[in-house]
Amino acid sequence: MVAEARVHVDVEAAVREWARGAVASVQRRVFFGPNNSAPFPQIVLFRIAGPDDRCLIQFDVWAESKAQAAAVAAELMTAADHMSRYAHAGVLLHGALPEGARWQPDEESDQPRYIVDMTVFATADGSGDAS
């Protein structure tokens, strides 16, 4: 089978920047790993699977309380439902589909957390900047 060549992009970086602007309640605290020196609420995201044009991203929504984590998770999923053509650093996010949220506090600390799974649709933005 021969597939058409395409430019692969850094979907996570574009999604992080989108989330920093789209989820006001975290005040741009969206990271690639937990930030123990940053206050809550905060979001940690990472890519789970899939090619760029249907990439599964996991968002860990950390907060001070279950209610706050639920509110931030709902804000994130609502923002994803409204995402349309967001460009960042050579990546074009065409949209996103929230797959669901689940309550899963940290096993050791019992820190409140919701996990949101989301499929993101991304391509190179065509400017030639992506690599």
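Bear in mind the structure is a predicted one, so any value in this text is a computation, not a measurement.
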Check your understanding: Any ion pair linking Arg47 and Asp10 (charged N to carboxylate O, less than 4.0 Å)?
Key -> no
Point to revise | Sequence neighbours excluded, every pair satisfying ring-ring contact (aromatic ring centres under 6.0 Å, His included) that has a member inside residues 51-72 | key: none
Check your understanding: Linking I/L/V/M/F/W/Y whenever any side-chain heavy atoms sit under 4.5 Å apart, do Leu76 and Val44 land together?
Key -> no
Review point. Where do Pro39 and Arg29 come nearest, in terms of heavy atoms and distance?
Key: O-NE, 3.1 Å
**Study point:** Heavy-atom closest pair, residues Ala122 and Val91
**Key:** CB-CG1, 4.2 Å
Point to revise | From CD (Glu12) to CZ (Phe32), nearest 0.5 Å | key: 6.0 Å
Practice item. Measure the spacing between CZ of Arg20 and NE2 of His88 and express it to the nearest 0.5 Å. Key: 9.0 Å
Study note, to complete from the structure: In this structure, CG of Leu97 is separated from CG of Asp81 (nearest 0.5 Å) by 7.5 Å
**Study point:** Nearest heavy-atom neighbours spanning Ala69 and Val61
**Key:** O-CG1, 3.6 Å
Point to revise | Residues Asp52, Arg6: salt bridge by 4.0 Å N-O rule | key: no
Practice item. Give me the one residue out of Val30, Val26, Val72, Asn35 that meets side chain to side chain contact (heavy atoms under 4.5 Å, CB included) with Gln42. Key: Asn35
Revision key, fill the gap. Minimal heavy-atom distance between Gln68 and Ala63, with the atoms involved, is OE1-CB, 3.2 Å
Exercise for review: Kindly compute the distance separating OH (Tyr114) from CZ (Arg102), expressed to the nearest 0.5 Å.
Suggested key: 12.0 Å
Check your understanding: When rounded to the nearest 0.5 angstrom, what is the spacing between CZ in Phe31 and CD1 in Ile43?
Key -> 10.0 Å
Review point. For Pro41 and Ser25, which heavy atoms make the closest approach, and how far apart are they?
Key: CG-O, 3.5 Å
**Study point:** Distance in Å, Tyr86 OH paired with His94 NE2, rounded so as to fall on 0.5 Å steps
**Key:** 14.5 Å
Exercise for review: Can you see which heavy atom on Cys55 is nearest to which on Val11, and at what distance?
Suggested key: SG-CG1, 4.1 Å
